[in-house]
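For reference, the structure discussed in these notes is given below.
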Amino acid sequence: MASPTPTPLDDVTDKIADQANVWLEWFLGAPLRIILIIAIGSIALAVVRRIIGNVTEHIADGTPITERRGMKGLKGLSESPMGTILVRANPLASARRAQRARTIGSVLRSTANILVGTTIVLMVLTELGMNIAPFLASAGIVGVALGFGAQSLVKDFLSGTFMLLEDQYGVGDSVDFGVVSGTVEEVALRVTKVRDGDGTLWYIRNGEILRTGNKSQEWGRASAEVHVAYFADLDEVQRCLREAGAEVAADPVLGTYLLEQPAVSGIESMSPEELVLKVSVKTQASMQGEISRALRKAVRERLAAAHVPMAGAEEPSTTEAAPADHLIVPVHGTPPAQVSAPATTPHDAARADAPREANQGSPMAER
């Protein structure tokens, strides 16, 4: 039996099928792999960003671990009185924690974008048949050039990262950077914003911060120094300082910030002109300034009431005052002066009476 003669339509159909097979083979090769690389990389990046976002938001909000998804069975722990006390947040600490968590989260998301994006691009270039070795070498050279040209920028970012990880300071902290002191208003990877006592907002590069004094972490110590005269009664001064400390400790508001009872130290320093004593007390963080001012006010009132001489006062004289009945006779209507009359002897009295007797017999005396 003879085979059927192919028609022009059959030839067109065969060509279309061949082209479809060729296209399908091509698509199942590099294009499909590129699409899978981009899709899988995008999904992985989205998952990583979502995990970073959830973790940082939980840290920033201060949500207890027992209330997170998948741990509802332990929720009773946070509802107990002890758990309530443990999870009670300090507003200042919450602001610091939120700022620190969100900044670290931003850094982690940016790092994930760079790493995953770079990996995707390099894998796609490999699938396209390009040699990525020159790109890697060029990237290394560019990285070295940027490292030398932007040393200060890299230094700022690295210093900011370690500062956040170590929690050296945060938003709301009272800090001393050596040349600038004030309250931290914003913390970023490159710069830190500090508002000083005059209201000036300072932008400080993190790489230029060599030392940091944080007055808002854990606890502080408030004190008031007193400079009294060298001849002041030391026991009386110490009594006044103890009473002033007890007055501040008994205050219904300030007393709640004290972590221990005020203590009066001995003589801190001594000179021929003054003695220096001090009353101090351990306080909660950021409250040492307010407690110190209250201590100084109470000390001043106690010392003034006890008439304790301060440094620079003159020592009172021990000589007795002259009697008030010794007066000098006024001359030509001048007021009497309360000074002592000079002592007289019998010889001086006789010399004083002789002229008086001589004048009694003279004509001028009779006139």
Side-chain angles (χ1 to χ4, degrees), residues 6-61 63 65 68-71 98-166 186-191 205-207:
T7 62
L9 182 61
D10 293 336
D11 295 337
V12 173
T13 303
D14 293 339
K15 290 181 180 180
I16 293 175
D18 293 338
Q19 292 292 335
N21 291 331
V22 172
W23 184 87
L24 182 61
E25 291 178 0
W26 174 82
F27 179 77
L28 292 177
L32 181 60
R33 289 195 295 270
I34 292 175
I35 293 175
L36 290 177
I37 290 172
I38 295 175
I40 294 174
S42 300
I43 294 174
L45 180 59
V47 171
V48 171
R49 288 175 60 89
R50 182 66 179 273
I51 293 174
I52 294 173
N54 289 338
V55 172
T56 55
E57 286 302 320
H58 279 304
I59 296 175
D61 297 337
T63 306
I65 191 173
R68 298 180 186 176
R69 187 178 303 173
M71 302 191 69
Q99 177 77 14
R100 180 164 151 257
R102 292 192 173 103
T103 304
I104 294 176
S106 176
V107 175
L108 293 177
R109 283 192 292 269
S110 300
T111 304
N113 291 339
I114 294 173
L115 293 179
V116 176
T118 303
T119 303
I120 291 174
V121 170
L122 293 177
M123 292 180 68
V124 169
L125 293 177
T126 302
E127 292 297 331
L128 293 176
M130 299 180 64
N131 186 11
I132 64 173
F135 290 97
L136 295 178
S138 301
I141 295 174
V142 172
V144 172
L146 290 177
F148 280 106
Q151 294 183 44
S152 60
L153 187 62
V154 175
K155 181 180 179 182
D156 295 340
F157 275 97
L158 290 177
S159 299
T161 302
F162 282 107
M163 179 271 299
L164 289 172
L165 293 176
E166 296 171 0
E186 185 178 341
V187 178
L189 283 181
R190 196 178 71 84
V191 296
R205 291 167 43 197
N206 294 329

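For the single chain, residues carry numbers from 1 onward in sequence order.
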Can you list the residues that meet the side-chain contact (heavy atoms from CB on, under 4.5 Å) rule with [X], with sequence neighbours excluded?
X	result
V47	I43, I51
T118	I114, L122
T161	L165, L189
T111	V107, L115

### Query
If you look at every heavy atom in S159 and G207, which pair is closest and at what distance?
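Smallest interatomic distance, heavy atoms only, reads OG-CA, 3.7 Å.
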### Query
Should T56 and R109 count as side-chain neighbours, where that means a heavy-atom distance under 4.5 Å?
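Heavy-atom side-chain distance check passes, below 4.5 Å.
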### Message
Just verifying a value: how many Å separate S110 OG and I52 CD1, rounded to the nearest 0.5 Å?
### Response
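The OG atom of S110 sits 9.0 Å away from the CD1 atom of I52.
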Tell me, which pairs form a salt bridge (charged side-chain N to carboxylate O under 4.0 Å, His left out) where one or both residues lie in [range], sequence neighbours left out?
range	value
residues 130-142	none
residues 111-129	R33-E127
residues 114-124	none

### Message
Using the rule side-chain contact (heavy atoms from CB on, under 4.5 Å), only one of V121, L125, I120, T119 pairs with M123; which is it?
### Response
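Running side-chain contact (heavy atoms from CB on, under 4.5 Å) over V121, L125, I120, T119 with M123 returns exactly one hit, T119.
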#### Entry: Sidechain-backbone polar pair: N206 side chain, A188 backbone, donor-acceptor under 3.5 Å
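Confirmed, N206 side chain pairs with A188 backbone.
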### Task
Apply side chain to side chain donor-acceptor pair (under 3.5 Å) to N113 and list each qualifying residue two or more places apart in sequence or on a separate chain.
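With neighbours one apart ignored, the set is R49.
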### By side chain to side chain donor-acceptor pair (under 3.5 Å) - contacts of R205 (at least two apart)
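Per chain and number, R205 pairs via side chain to side chain donor-acceptor pair (under 3.5 Å) with D156, E208.
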